[in-house]
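Read the numbers this way: they start at 1 and go in the same order the structure lists the ligands and their atoms.
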Amino acid sequence: MYHIKKEFEALIADAKTEEDIKQIKAKFLGKKGKVSELFKQMGGLGDEQKKEFGKNINKLKQYIEDSLTNKQTQIKEIRKKESLEKESIDVTLPARRGFLGSIHPITKTIIEIEDIFKSMGFDVETGYEIEFDRYNFEMLNIPKEHPARDMQDTFYINDNVLLRTHTSPTQIRVMESKKPPVMFISPGKVYRRDSDITHSPMFHQVEGLLIDKDIHFSDLKGVLSDFLKIFFGDVPVRFRPSYFPFTEPSAEVDIGCIICGGKGCRVCSNTGYLEVLGCGMVHPNVLKNVNYPDEYNGFAFGLGVERFAMLKYGIDNIKLFFENDIRFLKQFS
Ligand code: DAH
């Protein structure tokens, strides 16, 4: 019995893992283990001896069980300590740098445009990207046979529903829901079947509308000239007669080329000017369509946000806005 105890103590002292414990347990307390063997030896003993021997075996058994449990707890504790040490955080390490995102150049341009018009008293309204043909065309005095409705340009969802090709339907939406006077701009996404280095099938426009009594073309000229000079800096601004179905008279607005300073270059096709806006006095048919009283009139305008951003920041390919290459976007933080 003494040898068994010594053997056990040597093994348990060396035990390092739960697996070691399991094996030692089996070796001593298992069915064919050393302690069980001892019990078997009791057979040939007399009553008195048997009692004494049995007591001692039980004592040994208890001792082995207790030692195993103790050792197991010890091993568990060591494991825990080791894993805590491994997982511990060194708070003295230099912190990892946080990366800040930046505002997308299109959003940034829209915010700049909004801020200028807000400072003049314009509200900001939103429209719908999925529109009725009626709002995108008909109510804006664009009749059924107008080339702007060509299947080449418009993404139709069905005969009556489409992806808006411009932000102008917002004019109708706002005038239908608000009594005059109204004075707002409305930025948003528009869609056309068009794709090259200056055209993208989805792009952004900002629409503008001002309706009140006694509005003249000079009001339109004043507001848009001021806006362009604030946005682009002190550039020459010129108004050229043009045509839009929803305005009469209509004009396109040019600024002196900001790339070459008006000398003539590739960007301005050697004209010294860049076209940046469409505008005009709201067509009487449009005002009639929304049942505005006769004494009201006003002006409207529309501009392409990508074009404004490309000119202001010297970007030569519209695709750069939508690839979202972080090296490009980072420049606008
Ligand atoms: N909707 C026109 C376009 O997409 C832009 C435009 C021109 C809007 C003249 C207007 C305007 O409100 O008066 O090309």
*asked:* Is the contact between Arg164 and ligand 1 made by the side chain, the backbone, both, or neither, using heavy atoms and a 4.0 Å cut-off?
replied: neither
*Using 30° and 60° as the class limits, which term best fits the ring planes of Tyr191 and Phe155: parallel, tilted or perpendicular?*
perpendicular
*Short list, please: which atoms of ligand 1 are under 4.0 Å from a heavy atom of Gln171?*
12 (O)
*Would Tyr135 and Glu176 count as having a side-chain donor-acceptor pair, cut-off 3.5 Å?*
yes
*Is Val276 close to Leu303 at the side-chain level, that is, under 4.5 Å between some pair of heavy atoms?*
no
*What atoms of ligand 1 come closer than 4.0 angstrom to any heavy atom of Gln205?*
3 (C), 4 (O)
*Just need the protein heavy atom nearest to atom 14 (O) of ligand 1, so name the residue and atom and give the distance.*
Arg192 NH2, 3.8 Å
_Tell me whether Glu248 reaches ligand 1 (any heavy atom closer than 4.0 angstrom to a ligand atom)._
no
_SB check Asp254 Arg238 (cutoff 4.0 Å)_ = yes
*Is it the case that Asp90 and Ser88 place a side-chain donor and acceptor less than 3.5 Å from each other?*
no
_Which of the ligand 1 atoms, numbered from 1, are nearer than 4.0 Å to a heavy atom of Gly280_ = 13 (O)
*Enumerated ligand 1 atoms positioned under 4.0 Å from heavy atoms of Thr247*: 13 (O)
*Looking at side-chain heavy atoms only, is the closest gap between Ile110 and His204 below 4.5 Å?*
yes
*Of the protein's non-hydrogen atoms, which lies at the shortest distance from atom 12 (O) of ligand 1, and what is that distance?*
Glu207 OE2, 2.6 Å
*Do Thr165 and ligand 1 have an N or O pair less than 3.5 Å apart?*
no
*Where ligand 1 meets Ser168 - atom numbers and elements under 4.0 angstrom, heavy-atom basis*: 1 (N), 8 (C)
*Donor-acceptor pair between Ser186 and Glu207 side chains, under 3.5 angstrom*: no
*Heavy-atom nearest neighbour in the protein, as seen from atom 5 (C) of ligand 1, with distance rounded to 0.1 Å*: Gly302 CA, 4.1 Å
*Does the side chain of Asn136 come under 3.5 Å of the side chain of Thr165 through a donor N or O and an acceptor N or O?*
yes
*Evaluating non-hydrogen atoms only, which member of Phe299, Phe246, Phe244 is closest to atom 11 (C) of ligand 1?*
Phe246
*For Ala300, counting its heavy atoms only, list the atoms of ligand 1 lying under 4.0 Å from any of them.*
12 (O), 13 (O)
